[in-house]
Amino acid sequence: MIELTLVLDQTAYRAPARPRATIRITNAGAMPQVVNKRFALNYGDAAGYECEVKLFIRNSAGDELPFTARVNIGDPTDRHFVELGPGQSLEREYDLARTYDLTAPGRYTIQALYQNETDPSAGPAWKGELKSNIISFSIA
C-alpha cells in the first residue's frame, strides 16, 4: 500500500511568494513495492506517461491556476524505478513559483496527485493514482 503526503514549507507568505511543496510517497504496506521515482511534474490534463505528479492549486474563487512551464518529457526508463521496502519513503520538493503564477494576494489550496502507468523492464511496478491531503495557504 502506497501513501502520498503533501507538505508546504509555510502556510502564510508575503509577496513575492516562493512556496515550496514537498511530496512524499511511502510504502505503508508489509511487502516491497517498485515505484516510479522520477516525480515528473506536468499540467493537469497531461497524459499519465508524460508525468507522475500533478499539482492542483486553486485560488479563493475556486479557479484552478494554470501550469505555466513547458515540459518535454518522454516515457520513464528503468533508471526511474526503485524498490521501496516497508516503511520507506521517497520525496521531492517543488518551487511552486517556477510553475504557477502566485503573484496575486489571497487564499489558495493545493493538492498533489501521484500516478504511474509504466513498468520497468525487470518486472511490474506499482500502478495507479493517489491523491494527497489538501493544504490551505495565503499570500499577503
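The figures that follow rest on heavy atoms only: side chains count, while hydrogens, waters and symmetry mates do not. Counting begins at 1 with the first residue of the sequence.
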Checking the side chain of [X] only, and the main-chain atoms of [Y] only, is there a donor and an acceptor separated by less than 3.5 Å?
X: S132; Y: A112; answer: yes
X: D78; Y: S121; answer: yes
X: T68; Y: T99; answer: yes
X: E52; Y: A40; answer: yes
X: R92; Y: F39; answer: yes
X: N36; Y: F81; answer: no

Is [Y] reachable from [X] through a run of hydrophobic residues whose side-chain heavy atoms are each under 4.5 Å from the next?
X: M1; Y: L84; answer: no
X: I139; Y: L6; answer: yes
X: L113; Y: I23; answer: no
X: V34; Y: L130; answer: no
X: V53; Y: V7; answer: no

Open item on the list: Between D9 and R18, does the salt bridge (Lys or Arg N to Asp or Glu O under 4.0 Å) criterion hold? Intermediate values first, please.
Closed with: CA-CA 10 Å; D9 61 334; R18 296 212 59 95; over 6 Å; no
Open item on the list: With side-chain contact (heavy atoms from CB on, under 4.5 Å) as the criterion, how do I135 and Y108 come out once you've worked through the C-alpha distance, each side chain's angles and the decisive distance to 0.1 Å?
Closed with: CA-CA 8 Å; I135 299 175; Y108 296 86; over 6 Å; no
Do [X] and [Y] come close enough that some side-chain heavy atom pair is under 4.5 Å?
X: Q10; Y: P19; result: no
X: Y13; Y: L102; result: no
X: P120; Y: R79; result: no
X: L96; Y: I57; result: yes
X: Y94; Y: T22; result: no
X: L4; Y: K131; result: no

For the residue pair [X] and [Y], what are the closest heavy atoms and their distance?
X: A97; Y: A17; answer: CB-O, 3.7 Å
X: G29; Y: P86; answer: O-CB, 3.3 Å
X: A125; Y: T118; answer: CB-O, 3.8 Å
X: Q115; Y: C51; answer: NE2-O, 3.5 Å

Open item on the list: If the test is side-chain hydrogen bond (donor to acceptor under 3.5 Å, both in side chains), which one of E93, E3, E91 qualifies with R24?
Closed with: E91
Hey, what do you get for [atom1] ([X]) to [atom2] ([Y]), rounding to the nearest 0.5 Å?
X: N116; Y: R38; atom1: CG; atom2: CZ; result: 9.0 Å
X: R20; Y: R98; atom1: CZ; atom2: CZ; result: 8.5 Å
X: W126; Y: I25; atom1: CH2; atom2: CD1; result: 8.0 Å

Task: From I110, D95, L55, residue fulfilling side-chain contact (heavy atoms from CB on, under 4.5 Å) relative to Y100 - done: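 It is L55, the one option of I110, D95, L55 that forms the side-chain contact (heavy atoms from CB on, under 4.5 Å) with Y100.
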Task: Steps toward side-chain contact (heavy atoms from CB on, under 4.5 Å) verdict (F56, T109) - done: CA-CA 8 Å; F56 300 99; T109 61; over 6 Å; no
TODO: Go through the steps for V35 and Y114 under the test side-chain contact (heavy atoms from CB on, under 4.5 Å), then give the verdict.
DONE: CA-CA 11 Å; V35 297; Y114 171 81; 4.0 Å; yes
Open item on the list: Check this for me: K127, atom NZ, are more than 12 non-hydrogen atoms of other residues, nucleotides or ligands nearer than 6.0 Å?
Closed with: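 Atom NZ in K127 is packed in, count exceeds 12.
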- [ ] Would you please test N27 and E83 for side-chain contact (heavy atoms from CB on, under 4.5 Å) and show each step?
- [x] CA-CA 10 Å; N27 180 355; E83 184 176 280; over 6 Å; no
